[in-house]
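Below is one structure, written out as structure tokens; comments come after it.
Bear in mind the structure is a predicted one, so any value in this text is a computation, not a measurement. Residue numbers start at 1 and run along the sequence shown.
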Amino acid sequence: MNELRGWFTGRSLRERRLILVMLGLLAVTIVWGLVIRPVRNGLSSTRERYADAVVRAGSAERELAAVKSIQRRQLRPVQLPLADEVRTRAEAAGFALATLEPEANDRVRASIATAKAGALMAWIGNLENDGVLVDGLSVRGNGDGTVTAQMTLKARAA
């Protein structure tokens with residue numbers, strides 16, 4: 001150690017200052033490379049993992065809410081005879097049934113001459129949510145922005 005001190009004191013004032021600046025810069029570089037940079041990378045990685053966890057938690061909560069909604073939904077049996085139920089629901093939705101023919105095994109065949117496609121699909125979805133299932137469906141465009149639908153409906157088994 002005395003040899004190093006002797007070597008250092010043997011240098012001119014300018015050289016000693018340059019050596020001290022060099023050692024200071026070396027210390028800053030070591031602190032930056034061994035402390036600041038790993039901490040910054042760790043924080044960045046933690047932020048990314050946190051953001052990913054928040055997105056996954058939100059997605060899981062949304063899926064859980066959907067599952068709970070399905071579980072809460074009590075499937076009610078069709079109250080009226082199926083043909084009457086379909087007629088009542090079609091009239092309530094504003095659809096004019098062109099035909100409505102009861103078939104065996106608690107099924108009905110129905111057709112709608114003109115309807116908007118979006119409204120028709122929403123109505124069919126509501127029917128299925130309430131226990132009236134679509135067994136067959138044929139939808140064709142009329143060319144004027146409306147569709148013609150022929151469907152076979154059945155009641156959900158209890």
Side-chain angles (χ1 to χ4, degrees), residues 18 20-158:
L18 285 174
L20 289 175
V21 168
M22 179 189 70
L23 290 175
L25 289 174
L26 179 64
V28 167
T29 303
I30 289 173
V31 168
W32 177 80
L34 295 178
V35 176
I36 295 173
R37 192 165 172 227
V39 168
R40 186 179 298 161
N41 289 344
L43 288 174
S44 175
S45 174
T46 302
R47 285 184 189 116
E48 289 174 12
R49 287 193 320 249
Y50 175 76
D52 184 49
V54 167
V55 168
R56 285 185 290 130
S59 176
E61 287 174 3
R62 184 175 57 249
E63 290 172 7
L64 177 64
V67 167
K68 284 184 177 181
S69 171
I70 290 169
Q71 289 174 341
R72 279 192 303 263
R73 189 180 324 150
Q74 295 293 327
L75 296 176
R76 64 175 180 86
V78 177
Q79 302 296 325
L80 303 171
L82 185 58
D84 294 337
E85 180 80 18
V86 171
R87 180 181 297 109
T88 303
R89 301 283 302 266
E91 288 172 358
F95 296 119
L97 293 173
T99 62
L100 181 63
E101 304 166 359
E103 292 184 345
N105 298 333
D106 203 21
R107 296 175 189 261
V108 295
R109 184 176 303 268
S111 65
I112 297 175
T114 59
K116 294 285 187 183
L120 178 67
M121 293 304 149
W123 178 69
I124 291 172
N126 288 334
L127 282 177
E128 288 197 338
N129 286 338
D130 292 336
V132 179
L133 302 177
V134 176
D135 196 36
L137 176 65
S138 172
V139 180
R140 284 182 298 251
N142 291 333
D144 61 353
T146 62
V147 295
T148 299
Q150 297 172 344
M151 62 194 92
T152 303
L153 305 169
K154 66 179 182 178
R156 179 180 281 133

What pairs of residues pass the salt bridge (charged side-chain N to carboxylate O under 4.0 Å, His left out) test when at least one of them lies in residues 41-63, not counting sequence neighbours?
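Sorted pair list: Asp52-Arg56.
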
Test: salt bridge (charged side-chain N to carboxylate O under 4.0 Å, His left out). Region: residues 108-126. Which pairs qualify, not counting sequence neighbours?
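Output for this query lists Glu103-Arg109.
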
Those residues that, when tested against [X], pass side-chain contact (heavy atoms from CB on, under 4.5 Å) (two or more places apart):
{"X": "Leu34", "answer": "Ile30"}
{"X": "Thr146", "answer": "Thr114, Asn142, Asp144"}
{"X": "Arg40", "answer": "Ile36"}
{"X": "Asn126", "answer": "Arg89, Asn129"}

Review item, side-chain donor-acceptor pairs of residues 91-99, under 3.5 Å, at least two apart:
| residue | atom | partner | partner atom | Å |
| --- | --- | --- | --- | --- |
| Thr99 | OG1 | Ser111 | N | 3.4 |
| Thr99 | OG1 | Ser111 | OG | 2.6 |

Grab the two heavy atoms, one from [X] and one from [Y], that are nearest each other, plus how far apart they are.
{"X": "Ala83", "Y": "Leu100", "answer": "O-CD2, 3.3 Å"}
{"X": "Ile112", "Y": "Trp123", "answer": "CD1-CZ3, 3.9 Å"}
{"X": "Ala149", "Y": "Leu120", "answer": "CB-CD2, 3.5 Å"}

Within residues 129-155 or reaching into it, pairs that qualify as ring pair (Phe, Tyr, Trp, His ring centres under 6.0 Å) - sequence neighbours excluded:
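Qualifying pairs: none.
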
Which residue pairs pass the ring pair (Phe, Tyr, Trp, His ring centres under 6.0 Å) test with at least one member in residues 33-68, sequence neighbours excluded?
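Listed by first then second residue: nothing to list.
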
Could you tell me whether the side chain of Ser59 and the main chain of Val55 form a donor-acceptor pair under 3.5 Å?
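Looks like no, no N/O pair under 3.5 Å.
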
One pair to check against side chain to side chain contact (heavy atoms under 4.5 Å, CB included): Val134 and Leu153. What are the steps and the verdict?
CA-CA 5 Å; Val134 176; Leu153 305 169; 3.7 Å; yes

Does the side chain of Val139 come within less than 4.5 Å of Met121's, by heavy atoms?
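In contact.
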
Please identify each residue that fulfils salt bridge (Lys or Arg N to Asp or Glu O under 4.0 Å) with Asp106, with sequence neighbours left out.
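If we apply the salt bridge (Lys or Arg N to Asp or Glu O under 4.0 Å) test to Asp106, skipping adjacent residues, there are no hits.
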
In Å, rounded to the nearest 0.5 Å, how long is the span from CG of Asp135 to CE of Met151?
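Output value for this atom pair is 12.5 Å.
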
